2 protein chains.
Amino acid sequence: MDNDTRTLFFSFFNEVGIIAQLSRTALEARLPKGLTLPHFSVVNHLIRVKDGQTPLALANAFQVPKTTMTHTLGGLTANGFVEIRPNPDDGRSKTVWLTDAGRRFREDAIRSIDPDIEVFKSQYPEEKIREIVPELAAIRALLDAARD
Amino acid sequence: MDNDTRTLFFSFFNEVGIIAQLSRTALEARLPKGLTLPHFSVVNHLIRVKDGQTPLALANAFQVPKTTMTHTLGGLTANGFVEIRPNPDDGRSKTVWLTDAGRRFREDAIRSIDPDIEVFKSQYPEEKIREIVPELAAIRALLDAARD
DNA sequence: ACTATTTAGTTCGACATCGCACTAATGGAG
DNA sequence: CTCCATTAGTGCGATGTCGAACTAAATAGT
């Protein structure tokens with residue numbers, strides 16, 4: 001393989017890794033102590049998509065192992081942000097529901113993060129982000145599919 | 001803030017996070033047991049840039065805390081991939097040097113990863129990656145600068 | 001020269017992540 | 001109906017990551 005090509009792909013994944021790391025740190029600095037990006041992401045997902053999903057469905061949505069989702073949901077439950085109920089369709093399974101406190105947590109978080117997004121937007125054009133996101137989504141899908 | 005705009009930026013960082021996660025897992029599956037992406041990245045960096053750098057310089061290059069780099073270098077030393085020597089210019093500091101085993105580790109890793117890159121390249125045009133990388137680098141730099 | 005401040009690196013403790021093994025429930029094959 | 005394989009979720013142990021506090025060396029200010 002061409003060395004230049006290899007370096008290019010390594011650079012790509014390297015930049016992606018560092019951006020993920022920096023953005024995560026930046027976001028968590030705005031969250032109440034003890035709460036992490038996954039906590040926020042799950043609550044946000046439950047609002048954007050729909051609550052009442054199973055833990056496994058959430059694990060798949062975020063591409064994390066089941067055990068990780070168990071841990072994350074444990075934290076959300078401890079904070080009273082979600083409620084876990086039995087799944088009427090499947091005795092092995094459960095369903096995850098938002099509480100009012102969960103919705104408030106999400107709204108507070110968004111309110112405190114918005115200014116950072118504004119700053120970022122003022123330094124990097126929204127339009128370019130809009131062009132890149134579909135590409136990233138396609139790449140994500142490819143990597144996911146390759147993971148058989 | 002416009003809800004659509006917010007969703008766009010969240011999507012961007014979300015895709016980035018999942019790609020980072022999936023690519024990391026994929027790479028580590030090719031590495032000898034016990035070795036991780038940071039191990040490979042540091043060795044690769046020492047070859048691409050130059051060895052003899054200080055641990056702090058490496059921590060800065062990868063945007064990780066000093067303590068994390070100490071841990072990573074400990075693993076590399078335990079595997080005999082790098083050698084830590086005093087820094088002749090500064091008694092507080094050290095320098096990190098590659099060993100032959102370290103170079104071999106890097107070459108073996110690249111050899112086993114190349115096929116995956118080929119597959120990826122066949123599904124997603126290299127040219128698009130080449131366009132996106134500079135954008136990601138710019139975004140990375142912005143996030144880094146915002147981190148005063 | 002002397003002291004205070006800053007800096008490089010480590011140690012330690014807290015915690016997120018994840019693989020492995022386990023339990024309980026489901027579903028399919030005969 | 002009975003058994004066996006599969007699936008959802010959890011407990012546990014190992015490990016990566018990182019903040020806080022520490023040591024030792026360098027540097028700045030007087």
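Order of the sequence lines sets the chain letters (A, B, ...), proteins ahead of strands, with each chain counted from 1. Quantities reported herein were computed from a predicted structural model and do not represent experimental measurements.
The nucleotide whose nearest atom lies closest to any side-chain atom of Thr54(A) is, among dA26(D), dT26(C), dG9(D), dG9(D). In this structure, the nucleotide among dG9(C), dT17(D), dG9(D) sitting nearest to the side chain of Leu56(B) is dG9(C). Which of dA25(C), dT10(C), dT17(C) sits closest to the side chain of Asp90(A) comes down to dA25(C). You'll find that the side chain of Thr36(A) is closest to dA16(C), out of dG9(D), dA16(C), dA8(C). The side chain of Arg92(B) has dT7(C) as its nearest neighbour among dT7(C), dT6(D), dG16(D).
In summary, Asp4(B) and Arg130(A) engage in a salt bridge, as defined by a charged side-chain N under 4.0 Å from a carboxylate O. Salt bridge status for Glu28(B) with Arg30(B): absent, with no side-chain N to carboxylate O gap under 4.0 Å.
Checking Glu126(A) against Thr5(B) by side-chain atom types alone, a donor-acceptor pair falls below 3.5 Å. A donor atom on one side chain and an acceptor atom on the other are not found under 3.5 Å apart for Thr99(B) and Trp97(B).
Counting to the nearest Å, the C1' atom of dA24(C) and the NZ atom of Lys94(A) are 11 Å from each other. Taking atom CD on Gln63(A) and atom P on dT17(C), their separation rounds to 15 Å, with Å as the unit.
When the side-chain nitrogen and oxygen atoms of Gln21(A) are compared with OP1 and OP2 of dT17(D), none of them lie within a distance under 4.0 Å.
Interface residues of residues 64-79 of chain B facing DNA chain C, ordered by number: Lys66(B), Thr67(B), Thr70(B); criterion, heavy-atom separation under 4.0 Å.
Not counting sequence neighbours, Tyr124(A) has no partner by the ring-ring contact (aromatic ring centres under 6.0 Å, His included) test.
Summary of the strand contacts: Ala57(B) and Leu35(A) both lie near DNA chain C, and taking for each the nucleotide with the nearest heavy atom, the more 5' one is attributed to Ala57(B). Of the two residues contacting DNA chain D, namely Thr25(A) and His39(B), the nearest-nucleotide position lying further toward the 5' end is that of His39(B).
Counting only residues at least two apart or in different chains, side-chain hydrogen bond (donor to acceptor under 3.5 Å, both in side chains) contacts with residues 68-79 of chain A are absent.
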